[in-house]
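Both counts, for ligands and for their atoms, begin at 1 and track the order of listing. Throughout, numbering of the chain's residues begins at 1 and tracks the sequence.
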Amino acid sequence: MTVLRADGAPKGPGGLPRWDRCAVMGVVNVTPDSFSDGGRFFDTAAAVKHGMELVSEGADLVDVGGESTRPGATRVDEDEELRRVVPVVRGLASEGVTVSVDTMRASVAEQAVRAGARLVNDVSGGLADPAMPDVVAGLDVPFVVMHWRGFSEDMNSRAVYADVVSEVVAELRERLTALLEGGIAPERLIVDPGLGFAKHAEHDLALLAHLDDLAALGHPLLVAASRKRFLGRVLADRDGAPPPARERDAATAAVSALAAHAGAWAVRVHEVRATADAVRVARAVAGAR
Ligand code: PMM
C-alpha cells in the first residue's frame, strides 16, 4: 500500500505529531444544527469539555467546526462562525490538544490557527473561499482537501457520476495541482473522499472499496464516515428504515478498522472509544504480517 511507511504506520502530513497507526480525529461541532450532534455542544464551555472527553477516550486530534454541512443546511455568517469556533479552539489548544479547524472560510482558518489550531480542514478543498489557498500557504499548516462539488443547500443534485471513483480521484488531483500552484507545500496536503458530500450511499461505498486509488494520489488520507447516511442505508431494517444517526457508532468503528487497514492516515469520528480500539486492532493485524 503506497501510504504505509516502511514501519507499517501511515504516512502523515508535515507539521503534526506522528502516530504509529491510523490517527483518531474526534469531532466537536459547535453548531445548533449538525447532522448527528447539533445543539449538544453549542456553548464554549460545553464544547471544550466535550473535546477533552474525546481526548480522554483516545482522540489524537480534535476537529472543531462552527458550520453545519448537513444536506440542505444554509450557511452561517462569518462573525457567528468566528464566535463559535475561536474560543473553543483556544480552550482546547491551551490544554495541549492537537486541534483542527473545520471551516470553509479563510478568515476563520487564520484566526483559529492564531488561537492554536494546527490543521485546517476545509470540506470545500479550498473552493468555497478564493482566499483560502493563499492564507493556508502563509500559515504553513496541513490542509485537508476534501472532494466537494458545491454547498450543502443543493449538493444532492450534484451526486451524478458515471464512475465515481475515477471522477473523485480526477477532481481531487485537479484541486491538489491548483493548491500546489497556490503555494501550499506538498507535504502539507491531506486528501479526503468527502463521503456523503454530493454522493449517494452507493458512491460512498464504492469510494471506501477503492481507498487505494485515493491513496495513490500520494498524500495522507482522511476518512470521515462517522454516522453518515450511507451507514443508515447499510443498517436499515426490513422496511428500509435507517437507525438514527447516534445508533451508527458500531458501524462507524467498522469503517474505521477498514480505513486503517487500507492505510488511512486518520479517521474522523463523533464517538471515539470504539474507533480508538479499531485502529489499534488494525495496527496489531498489520504488525503480524
Ligand atoms: N464531514 C462533515 C464535516 N466535516 N470534514 C472532512 N474532512 N470530511 C468529511 O467527510 C466531513 C468533514 C459532516 O459531518 P458532521 O456534520 O456529522 O460532523
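Side-chain atoms of T103 and E81 include a donor-acceptor pair closer than 3.5 Å.
Between atom 10 (O) of ligand 1 and the options R227, K228, R229, the minimum heavy-atom separation is to K228. Which of G194, A224, S100 comes nearest to atom 9 (C) of ligand 1 through a heavy atom is settled by distance: it is A224. Evaluated by nearest non-hydrogen atom to atom 13 (C) of ligand 1, the leading choice among T69, V223, D63 is T69.
Put simply, the side chain of N29 never gets that close to the backbone of T31: no donor and acceptor are under 3.5 Å apart.
For the atom pair M25 CE and L54 CG, the distance stands at 12.0 Å (nearest 0.5 Å).
Within ligand 1, the atoms closer than 4.0 Å to a non-hydrogen atom of V123 are 4 (N), 5 (N), 12 (C), numbered from 1 in the order shown. Of all the atoms in ligand 1, the ones that sit under 4.0 Å from a non-hydrogen atom of M146 are 6 (C), 8 (N), 9 (C), 10 (O). Less than 4.0 angstrom separates some heavy atom of V144 from each of these atoms of ligand 1: 7 (N). Every atom of ligand 1 is numbered from 1 in the order shown, and the set under 4.0 Å from a heavy atom of N121 is 5 (N), 6 (C), 7 (N). Within the listing of ligand 1, atoms 6 (C), 7 (N), 8 (N), 9 (C) sit less than 4.0 angstrom from a heavy atom of D192.
Remark: D20 engages R283 in a salt bridge, criterion side-chain N to carboxylate O under 4.0 Å.
Put simply, the side chain of T98 does not reach to within 4.5 Å of the side chain of D60, judged on heavy atoms. Contact annotation: the side chain of V101 never approaches that of V99 to less than 4.5 Å [non-hydrogen atoms, C-beta and beyond].
Atom CZ of R75 has more than 12 heavy atoms from other residues, nucleotides or ligands within 6.0 Å.
At a 4.0 Å cut-off, at least one heavy atom of H270 sits close enough to ligand 1 to count as contact.
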